[in-house]
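All values below were derived from every heavy atom in this structure, side-chain atoms included, with hydrogens, water molecules and symmetry-related copies excluded. These numbers come from a predicted model, not from an experiment.
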Amino acid sequence: MHTIESLMKQLEELDIDSKGTLLVHSSMKSMGQVEGGADTVLDAFTEYMKDGLLVLPTHTWSYIKADNPKFYVDRSPCCVGILPELFRNRPGVVRSLHPTHSVAALGRDSIEFTHDDHHFDTPCARGSSWGKLLDREATILLVGVDLKRNTFIHGVEEWMDIEGRLTDGHEMLYTVLPDGTEIPVPSRRHCGLSWSHHFWKVDEVLESKGAMYKGRLGDAVVRVCDAAKVAKVITEMLKDNPDLFSDNNPLDT
């Protein structure tokens with residue numbers, strides 16, 4: 001049975017920078033039995049990162065669309081797991097205003113980190129929270145999930161303007177604030193194939209180049225990604241082969 005103390009010890013052993021910026025993609029089930037369940041996991045992350053910034057994705061892309069265009073910041077549930085859903089409702093947590101790819105943040109500079117996202121018409125704009133992960137040399141922690149869940153890689157493709165990743169046209173979506181104010185957010189969307197299903201292909205490359213390493217949190221296998229190094233490696237690979245993630249075939253060796 002894992003406890004808050006044992007989880008925090010594992011975070012320390014993973015060499016997570018407690019004063020930096022940490023974004024967590026997660027599968028609660030993968031962690032095994034935790035005393036107190038998901039809330040204990042969030043308590044461990046929150047306590048460990050109390051002098052830094054803790055970020056979880058609170059995406060709603062699966063159901064906020066042209067035929068259901070209103071994203072309610074305070075009550076639209078996220079579609080990426082129980083930990084983000086519980087986290088966004090915790091005291092002090094700030095949720096960004098992007099209608100499909102919001103994040104929730106707690107800690108140092110949380111308002112500054114989240115406040116620009118709805119000003120962009122794409123999911124992972126360079127000036128959004130996803131680009132700020134690069135600026136801050138953040139750590140991206142994948143708990144019990146692999147690179148297919150690493151939204152940051154969508155960002156790298158977007159910043160390089162890889163063909164076929166985004167719709168040409170816009171949907172008119174709306175971010176609704178708790179006071180009822182509606183903010184129009186014309187939005188392009190990810191389109192075509194499920195490109196992220198192909199991100200696994202660079203797993204070994206990122207490890208070999210020191211951009212990622214693996215460890216454990218609870219029972220889960222975790223991937224600890226250095227956002228800046230991941231961006232550098234994948235940018236170089238996409239320059240050589242813009243179709244890198246266009247199929248699900250292993251890399252040529």
Problem - Over 12 foreign heavy atoms within 6.0 Å of CD, Glu13 - result: yes
Handout entry: Closest approach of Leu106 to Pro91 (non-hydrogen atoms, all atoms of both residues)
Key = CD1-O, 4.1 Å
Problem - Quiz item: cation-pi between Arg90 and Phe87, 6.0 Å / 45° - result: no
Exercise for the section: Determine whether more than 12 heavy atoms belonging to other residues, nucleotides or ligands lie under 6.0 Å from atom CG of Asp168. Expected result: no
Exercise for the section: Answer yes or no: is there an ion pair linking Lys29 with Asp219, defined by an N-O contact shorter than 4.0 Å? Expected result: no
Problem - Rounded distance [0.5 Å steps], OG1 in Thr114 versus NE2 in His98 - result: 13.5 Å
Practice task
For the pair Ser187 (side chain) and Leu173 (backbone), establish whether a donor and an acceptor sit closer than 3.5 Å, ignoring hydrogens and angles.
Solution key: no
Handout entry: Tyr48 side-chain N/O to Ile16 backbone N/O, donor-acceptor pair under 3.5 Å
Key = yes
Exercise for the section: Spell out, yes or no, whether Tyr213 and Val24 are grouped together once hydrophobic residues are joined by side-chain heavy atoms under 4.5 Å, including indirect joins. Expected result: yes
Exercise for the section: Determine, stepwise, if the pair Glu171 / Lys65 fulfils salt bridge (charged side-chain N to carboxylate O under 4.0 Å, His left out). Expected result: CA-CA 7 Å; Glu171 293 179 337; Lys65 303 177 181 181; over 6 Å; no
Exercise for the section: Examine the side chains of Ser129 and Ser96 and answer whether a donor and an acceptor come within less than 3.5 Å of each other. Expected result: no
Practice task
Decide yes or no on side chain to side chain contact (heavy atoms under 4.5 Å, CB included) for Cys225 and Val230, but give the supporting numbers first.
Solution key: CA-CA 7 Å; Cys225 304; Val230 166; 3.9 Å; yes
Exercise for the section: Would you check if the side chain of Glu158 reaches a backbone N or O of Ala125 as a donor-acceptor pair within less than 3.5 Å? Expected result: yes
Problem - Whether Glu182 side chain and Val176 backbone form a donor-acceptor pair below 3.5 Å - result: no
Handout entry: Donor-acceptor under 3.5 Å (Ser6 side chain, His2 main chain)
Key = no
Exercise for the section: Tell me, yes or no, whether the heavy-atom count around Lys70 atom NZ, taken from other residues, nucleotides or ligands under 6.0 Å, exceeds 12. Expected result: no
Practice task
Before accepting this row, confirm whether a basic side-chain N of the pair Glu236/Lys239 lies closer than 4.0 Å to the acidic partner's carboxylate O.
Solution key: no
Problem - Heavy-atom donor-acceptor pair, Tyr63 side chain to Pro77 backbone, under 3.5 Å - result: yes
Handout entry: Contact list for residues 112-124, test salt bridge (charged side-chain N to carboxylate O under 4.0 Å, His left out), sequence neighbours left out
Key = Asp116-Lys132
Handout entry: Flag, side chain of Thr235 to backbone of Lys232, donor-acceptor distance under 3.5 Å
Key = no
Handout entry: Salt-bridge present (Lys148, Asp146; N to O < 4.0 Å)
Key = yes
Practice task
Kindly say whether Thr167 contributes a backbone atom to a donor-acceptor pair with the side chain of Arg188 at under 3.5 angstrom?
Solution key: yes
Exercise for the section: Check the hydrophobic clustering (I, L, V, M, F, W, Y; side-chain heavy atoms under 4.5 Å; chains of links allowed) and say if Val145 and Ile140 are grouped together. Expected result: yes
Handout entry: Considering all heavy atoms, the nearest Phe71-Pro99 contact
Key = CD2-CA, 3.6 Å
Practice task
Find the distance between CD1 (Ile162) and CG (Leu244) and round it off to the nearest 0.5 Å.
Solution key: 8.5 Å
Fill in the blank from the handout: Output for pair (Leu147 CG, Ile234 CD1), nearest 0.5 Å, gives 7.0 Å
Handout entry: Euclidean distance, Thr151 OG1 relative to Leu23 CG, rounded to 0.5 Å
Key = 7.5 Å
Practice task
Begin with the C-alpha distance, continue with both residues' side-chain angles, and end with the deciding distance and a verdict on side chain to side chain contact (heavy atoms under 4.5 Å, CB included) for Val222 and Arg216.
Solution key: CA-CA 5 Å; Val222 302; Arg216 290 270 180 181; 5.7 Å; no
Handout entry: Inter-residue atom distance Leu133.CG - Cys124.SG, 0.5 Å rounding
Key = 9.5 Å
Handout entry: Lys/Arg cation over aromatic Trp61: Arg189, 6.0 Å, 45° cone
Key = no
Exercise for the section: Report whether Val205 and Ile153 are members of the same hydrophobic cluster (ILVMFWY, side-chain heavy atoms less than 4.5 Å apart, transitive linking). Expected result: yes
Problem - Glu35 atom CD, over 12 foreign heavy atoms within 6.0 Å - result: no
Exercise for the section: Please answer whether the main-chain N or O of Leu97 pairs with a side-chain N or O of Thr175 as donor and acceptor at a distance below 3.5 Å. Expected result: yes
Exercise for the section: Check the hydrophobic clustering (I, L, V, M, F, W, Y; side-chain heavy atoms under 4.5 Å; chains of links allowed) and say if Met49 and Val41 are grouped together. Expected result: yes
Practice task
Look up atom CZ in Arg149 and atom OG in Ser196, then write down how far apart they are to the nearest 0.5 Å.
Solution key: 9.5 Å
Problem - Full working for side chain to side chain contact (heavy atoms under 4.5 Å, CB included) between Thr40 and Thr3 - result: CA-CA 7 Å; Thr40 295; Thr3 65; 5.9 Å; no
Handout entry: Residue pair Arg95 / Thr58, side-chain donor-acceptor N/O under 3.5 Å
Key = yes
Practice task
For residues 117-163, pull every pair meeting ring pair (Phe, Tyr, Trp, His ring centres under 6.0 Å), keeping only residues two or more places apart or in separate chains.
Solution key: His59-Trp130, Phe152-Trp159, His154-His190, His154-Phe199
Handout entry: Connected via hydrophobic side-chain network under 4.5 Å: Val224 and Leu206
Key = no
Practice task
Mind running side chain to side chain contact (heavy atoms under 4.5 Å, CB included) on His115 and Val94 for me, showing each step along the way?
Solution key: CA-CA 9 Å; His115 85 288; Val94 180; over 6 Å; no
Exercise for the section: Answer yes or no: is there an ion pair linking Lys9 with Glu5, defined by an N-O contact shorter than 4.0 Å? Expected result: no
Problem - Test item: Arg136 side-chain N/O and Gly20 main-chain N/O as donor-acceptor pair under 3.5 Å - result: no
